[in-house]
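Please read the structure below before turning to the comments.
All values below were derived from every heavy atom in this structure, side-chain atoms included, with hydrogens, water molecules and symmetry-related copies excluded. Atoms within each ligand, like the ligands themselves, are counted from 1 in listed order. Bear in mind that the values here come from a model prediction, so they are computed numbers and not experimental data.
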Amino acid sequence: MPERPRQPLELSRADLQALVESLGQPRYRGDQILAWLHGRDVLDPADMTDLPRTLRETLAAAWSPTPDSTVAEVAVSTDGTTRIDLSLHDAACTQTVLIPETPDDVEDEDDTPPPASAALPALPPLPVLPTPSPQPPIPWTRSTFTQCLSTQVGCAFGCAFCRSGSVGFVRHLSAGEILVQRHWARRTLAERGDIARTVVMGIGEPLHNLEALLAALRLLADPRAGGVSPRRITVSTIGLPEGIRRLGEEFEGRIGLAWSLHAADEETRRRLLPAASRRPVAEVVAALRAYPLPPRRRITVECVLVGGVNDSVHHARDVVRLLSGLRCKANLIPFNPWLGAKTDLAAPAVAAVEAYRETLAAAGISVFVRKPRGADVLAACGQLLGTSDGGRFPPPRDVGG
Ligand code: SF4
């Protein structure tokens with residue numbers, strides 16, 4: 001198969017500067033293009049009105065004016081959580097989720113949020129979607145959202161509670177395919193809201209697709225491009241030490257880090273995270289301790305609690321011991337069941353979650369129980385797949401995790 005040409009959204013600042021120079025233009029034209037692509041979601045060079053006409057015409061001849069992905073479906077939950085299914089250039093699918101922010105999210109912040117950014121510039125009208133599906137009216141007014149990004153189609157790690165891992169690994173997303181999720185999300189929101197936070201917690205293990213992830217984050221966090229403060233971005237990982245080290249080095253610890261721990265003892269981890277448990281938990285903790293966190297920031301430790309598997313006070317005490325001395329806070333996520341999940345997996349009892357929470361809190365760990373969001377449209381944590389019906393996937397590949 002011929003190699004797919006790089007898409008405008010995945011060109012780095014240096015790439016764009018080299019491109020405009022090769023066309024006889026000054027380097028700052030590259031920054032102007034960056035701002036159009038990532039700051040204003042304008043992909044059509046003909047609409048980049050501060051570029052000289054000749055440059056616009058040259059770029060327009062080489063670039064498609066629209067992304068090479070399409071929105072296949074938009075599903076809105078009764079709580080306002082919005083799942084956007086994307087059909088990619090090879091017809092593989094991935095998903096991104098917009099979660100309306102609540103006061104709880106602000107309580108969960110490490111420190112005071114920065115002032116709200118200026119209003120987004122008006123966006124061009126939405127193109128006609130290929131397979132529009134009827135949707136209920138969106139029940140919210142202008143608001144702020146957290147966007148959850150995916151980094152892969154399928155996932156190699158096969159965590160027992162996770163729908164994304166149930167299909168195996170299909171392929172990595174390119175940096176452009178990660179960033180285009182933001183493009184489509186902002187167009188879907190249009191005047192209804194802004195994206196205030198970005199979490200890389202969707203389909204796939206982000207640090208397994210490290211180079212594309214870093215390239216996407218560089219563009220997202222570049223003030224001349226996406227302009228998103230790194231402190232408003234969190235990458236979630238099951239714990240790949242080399243990726244944690246690279247992420248820490250590249251962004252000097254300013255990108256938030258969330259560790260999907262789920263259980264501290266190796267036996268329960270093997271049951272819940274068969275691939276992740278190949279890395280001893282002590283090795284991951286060492287990588288987390290070396291992460292160059294700025295003052296007042298903490299690593300988020302996530303535990304999906306599965307009834308009767310890892311939700312006892314005994315498990316909570318093991319977690320307390322493991323986290324001793326680590327600058328962290330904990331997020332407890334009651335398991336979100338989905339059709340096709342292993343039958344021995346169940347949501348935890350409310351009392352078990354509370355006892356678990358109290359054990360961590362009594363040990364001085366700041367702990368937060370995440371409410372399920374978007375479960376009615378399969379958009380909650382651990383429920384993403386690629387399509388709402390489990391639709392089209394090329395055959396999975398075994399990459400060994
Ligand atoms: S929880 Fe994350 S790493 Fe595990 S299978 Fe799901 S997407 Fe992959």
Side-chain angles (χ1 to χ4, degrees), residues 83 85-86 92-97 99 147-173 177-178 181 198-210 212-213 216 234-244 247 256-263 268-279 281 284 287-288 299-306 309-310 330-342 345 347 370 372-375 378-387 390 393 396-401:
R83 196 198 73 232
D85 297 358
L86 296 182
C93 300
T94 197
Q95 295 176 327
T96 184
V97 177
I99 306 141
Q147 181 176 17
C148 180
L149 297 175
S150 294
T151 51
Q152 294 170 328
V153 180
C155 180
F157 287 83
C159 301
F161 50 81
C162 176
R163 195 163 173 246
S164 313
S166 68
V167 294
F169 175 74
V170 178
R171 71 170 175 83
H172 290 307
L173 298 185
E177 287 172 328
I178 297 171
Q181 295 168 51
T198 303
V199 295
V200 191
M201 297 184 181
I203 300 171
E205 160 55 51
L207 300 184
H208 182 211
N209 186 12
L210 189 60
L213 173 77
T234 300
V235 172
S236 174
T237 176
I238 56 169
L240 306 187
E242 174 57 17
I244 292 170
L247 185 70
L257 189 61
W259 178 31
S260 301
L261 170 63
H262 310 314
T268 312
R269 276 173 63 78
R270 260 194 304 281
R271 183 166 173 197
L272 290 173
L273 305 138
S277 63
R278 289 180 210 152
R279 285 119 187 135
V281 80
V284 184
L288 296 174
I299 286 166
T300 303
V301 175
E302 297 173 321
C303 294
V304 171
L305 297 183
V306 182
V309 175
N310 66 338
N331 263 1
L332 307 181
I333 307 162
F335 170 60
N336 291 307
W338 40 275
L339 197 64
K342 290 189 178 133
L345 301 182
R370 200 185 294 170
R373 312 278 282 277
L378 289 171
C381 212
Q383 290 186 324
L384 298 185
L385 183 61
T387 63
F393 278 100
R397 284 198 276 145
D398 180 10
V399 295

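Across Cys148 and Gln181, no two heavy atoms sit closer than the pair O-OE1, 4.4 Å.
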Residue pair Thr237, Glu205: steps toward the side chain to side chain donor-acceptor pair (under 3.5 Å) verdict: CA-CA 6 Å; Thr237 176; Glu205 160 55 51; 2.9 Å; yes
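Atoms of ligand 1 lying under 4.0 Å from any heavy atom of Ile238, numbered from 1 in the order shown and given with element: 3 (S). Set against the non-hydrogen atoms of Phe157, the atoms of ligand 1 under 4.0 Å away are 3 (S). The Gly158 neighbourhood of ligand 1 comprises atoms 5 (S), with distances under 4.0 Å to a heavy atom of that residue.
Scanning Ala156, Cys162, Gly204, Gly154 for the heavy atom closest to atom 1 (S) of ligand 1 points to Cys162.
At the top of the distance list for atom 4 (Fe) of ligand 1, counting protein heavy atoms only, stands Cys159 SG, 2.3 Å.
Ring planes of His262 and Phe161: perpendicular class, angle over 60° (limits at 30 and 60°).
Side-chain N/O atoms of Ser260 and Glu302 include a donor and acceptor closer than 3.5 Å.
Put simply, Cys155 stays out of reach of atom 4 (Fe) of ligand 1, with no N, O or S atom under 2.8 Å from it.
Between the side chain of Asn209 and the backbone N or O of Thr151 there is at least one donor-acceptor pair closer than 3.5 Å.
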